[in-house]
*Asks:* 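This is the structure I have questions about; it appears just below.
Note that the structure is predicted; figures quoted are calculated from it, not measured. Because only heavy atoms are used, hydrogens play no part in the values below, and waters and symmetry mates are left out as well, while side chains stay in. Reminder, nothing fancy here: chain letters follow the sequence lines and each chain counts from 1.
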Protein chains: 2
Amino acid sequence: MVTALQKGLPDLTSRQFTLLLHVYLKDQAHTVRGLAEDLNMSKPAVTRALDRLGKYDFVRRKTDENDRRSILVQRTIKGSVYLREFGDMVEQYAEEV
Amino acid sequence: MVTALQKGLPDLTSRQFTLLLHVYLKDQAHTVRGLAEDLNMSKPAVTRALDRLGKYDFVRRKTDENDRRSILVQRTIKGSVYLREFGDMVEQYAEEV
DNA sequence: TAGCATCATTGCGATTGCGGAACGTTTGGG
DNA sequence: CCCAAACGTTCCGCAATCGCAATGATGCTA
């Protein structure tokens, strides 16, 4: 995380980061409601986390055409890159200590 | 982090968690000033992070007797347990996905 | 098609964290 | 014996987040 800050990568809150990880690791359809339940947080918190993550283009919203009340959270290239970089930094730090 | 939240473990901010990890992984004397430099954050942020971590008894302050202006951040049993639990949860989640 | 349930979002007030500056304490040099 | 420097903390204003409640949009059913 230190290195992430120093590199100018966005410093996400725990919940935002958790959400990001969950979307990229769990291979399933992700809605606001579902994420709120899975991650044990309120729906508004999910909505705002998606706003924040969307600003960096780490995830994208797409309305579910089968049920236009819901949205589907989609992965992006930039999100993958961010997590990849993050993983590399963790690995490097792990070797350092 | 998900599991941590569900288990009622404190949800620390990125900086707080980073600080905790740094104190437990880097084997050296830790002062406020030193942590602020190492972790690239302001001194007030370090002070407040120590307040928060201290509330849970994850770290403790101890005035440096060689230089009473400084404090030394010390590890605790509860901090070790927390990190251990956290590590186990990460491992378990890793297997799950 | 009318009405209720469900979904995501948005106000709102309260809480929390942040950085910069000011403060009190302690140290060490002149 | 001062006084400047260094240390950690506190004060202050700002920005971001949170949960709850209300809102708008969509789906479902009788």
Side-chain angles (χ1 to χ4, degrees), chain A residues 1-23 28-75, chain B residues 1-2 4-23 28-56 58-75:
Chain A
M1 290 176 174
V2 179
T3 316
L5 289 181
Q6 289 172 346
K7 288 206 175 185
L9 293 179
D11 59 327
L12 307 172
T13 67
S14 301
R15 288 179 143 90
Q16 289 162 0
F17 193 77
T18 303
L19 179 50
L20 184 64
L21 266 181
H22 191 74
V23 168
Q28 57 188 229
H30 295 289
T31 65
V32 172
R33 179 126 195 125
L35 288 170
E37 285 175 1
D38 291 349
L39 306 183
N40 212 34
M41 49 198 279
S42 69
K43 283 197 301 173
V46 173
T47 293
R48 279 162 189 139
L50 291 179
D51 289 343
R52 181 98 201 278
L53 294 173
K55 254 184 39 181
Y56 299 111
D57 197 33
F58 287 170
V59 297
R60 233 173 260 155
R61 287 176 169 94
K62 180 170 172 301
T63 59
D64 183 353
E65 291 302 332
N66 293 36
D67 182 347
R68 298 181 53 79
R69 289 174 302 179
S70 298
I71 64 152
L72 300 176
V73 180
Q74 302 201 306
R75 302 167 184 163
Chain B
M1 290 179 174
V2 178
L5 289 181
Q6 289 172 346
K7 288 208 175 182
L9 292 178
D11 58 328
L12 306 172
T13 67
S14 300
R15 289 179 144 87
Q16 290 162 359
F17 192 77
T18 303
L19 179 50
L20 183 65
L21 267 181
H22 191 74
V23 167
Q28 57 189 229
H30 295 289
T31 65
V32 172
R33 178 121 194 130
L35 288 169
E37 285 175 1
D38 291 350
L39 305 183
N40 212 33
M41 49 198 279
S42 70
K43 283 196 300 173
V46 173
T47 293
R48 281 184 296 256
L50 292 180
D51 289 343
R52 182 99 201 278
L53 294 174
K55 253 185 40 181
Y56 299 111
F58 287 170
V59 298
R60 235 172 258 156
R61 287 176 169 94
K62 180 171 172 300
T63 58
D64 182 352
E65 292 302 332
N66 293 37
D67 182 348
R68 299 181 52 79
R69 289 173 302 180
S70 298
I71 65 152
L72 301 176
V73 180
Q74 302 199 306
R75 302 167 184 164

*Asks:* Please tell me if A:Arg15 has a side-chain N or O lying less than 4.0 Å from either OP1 or OP2 of D:dG19.
*Replies:*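 Result: yes.
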
*Asks:* Do any side-chain nitrogens or oxygens of A:Thr47 fall under 4.0 Å of OP1 or OP2 in C:dT9?
*Replies:* yes

*Asks:* Which is more 5' along DNA chain D, the nucleotide nearest A:Arg68 or the one nearest A:Ala49? Just name the residue.
*Replies:*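 Nearer the 5' end of the strand: A:Ala49.
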
*Asks:* Report the distance from atom CG of B:Leu39 to atom C1' of C:dG19, rounded to the nearest whole Å.
*Replies:*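 My rounded result for the distance is 16 Å.
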
*Asks:* Rounded to whole angstroms, how far apart are CG on A:Leu50 and C1' on C:dT10?
*Replies:* 15 Å

*Asks:* Go through C:dA8, D:dT17, D:dT9 for me and flag the one nearest to the A:Thr13 side chain.
*Replies:*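 Ranking C:dA8, D:dT17, D:dT9 by closest atom to the A:Thr13 side chain puts D:dT17 first.
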
*Asks:* For the pair made of CG in A:Asp51 and P in D:dT17, what is the distance, rounded to whole Å?
*Replies:* 10 Å

*Asks:* I'd like to know if the side chain of A:Gln16 and the backbone of A:Thr13 have a donor-acceptor N/O pair within less than 3.5 Å.
*Replies:* yes

*Asks:* Do NZ/NE/NH1/NH2 and the carboxylate oxygens of A:Arg61 and A:Asp51 come within less than 4.0 Å?
*Replies:*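 A:Asp51 and A:Arg61: salt-bridged.
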
*Asks:* Strictly below 4.0 Å, N to O, side chains only: are B:Asp64 and B:Arg69 in salt-bridge contact?
*Replies:* no

*Asks:* Below the 4.0 Å mark, does C:dT16 have OP1 or OP2 next to a side-chain nitrogen or oxygen of B:Gln16?
*Replies:*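 Checking B:Gln16 against C:dT16: no side-chain N or O falls below 4.0 Å of OP1 or OP2.
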
*Asks:* Quick one: is C:dT10 close enough that its OP1 or OP2 comes under 4.0 Å of any side-chain N or O from A:Arg48?
*Replies:*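 Answer is no, no contact under 4.0 Å.
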
*Asks:* In this structure, how many angstroms lie between the P atom of C:dA5 and the CZ atom of A:Arg33, rounded?
*Replies:* 14 Å

*Asks:* To the nearest angstrom, how far is A:Asp11 atom CG from C:dC18 atom C1'?
*Replies:*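 Taking CG of A:Asp11 and C1' of C:dC18, I get 10 Å after rounding.
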
*Asks:* To the nearest angstrom, how far is B:Leu72 atom CG from D:dC7 atom P?
*Replies:*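 Rounded to whole Å, this separation is 13 Å.
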
*Asks:* Could you check which of C:dG19, D:dC20, D:dG8 has an atom nearest any side-chain atom of B:Ser42?
*Replies:* C:dG19

*Asks:* Between the base of C:dT25 and the side chain of B:Arg69, is there any donor-acceptor pair under 3.5 Å?
*Replies:* no

*Asks:* Minimum heavy-atom separation for B:Ser14 and A:Leu12, please, with both atom names.
*Replies:*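 Closest heavy-atom pair between B:Ser14 and A:Leu12: OG-O, 2.5 Å.
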
*Asks:* In whole angstrom, what separates A:Lys43's NZ from D:dT23's P?
*Replies:* 15 Å

*Asks:* Looking at A:Arg75, I want to see if its CZ is surrounded by more than 12 non-hydrogen atoms of other residues, nucleotides or ligands under 6.0 Å.
*Replies:*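 Counting other residues, nucleotides and ligands, CZ of A:Arg75 exceeds 12 neighbours.
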
*Asks:* NA contact type, A:Glu65, heavy-atom cut-off 4.0 Å: base, sugar-phosphate, or nothing?
*Replies:* nothing

*Asks:* If you assign A:Asp64 and A:Arg52 each to the DNA chain D nucleotide with the nearest heavy atom, which residue ends up on the more 5' nucleotide?
*Replies:*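 Nearer the 5' end of the strand: A:Arg52.
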
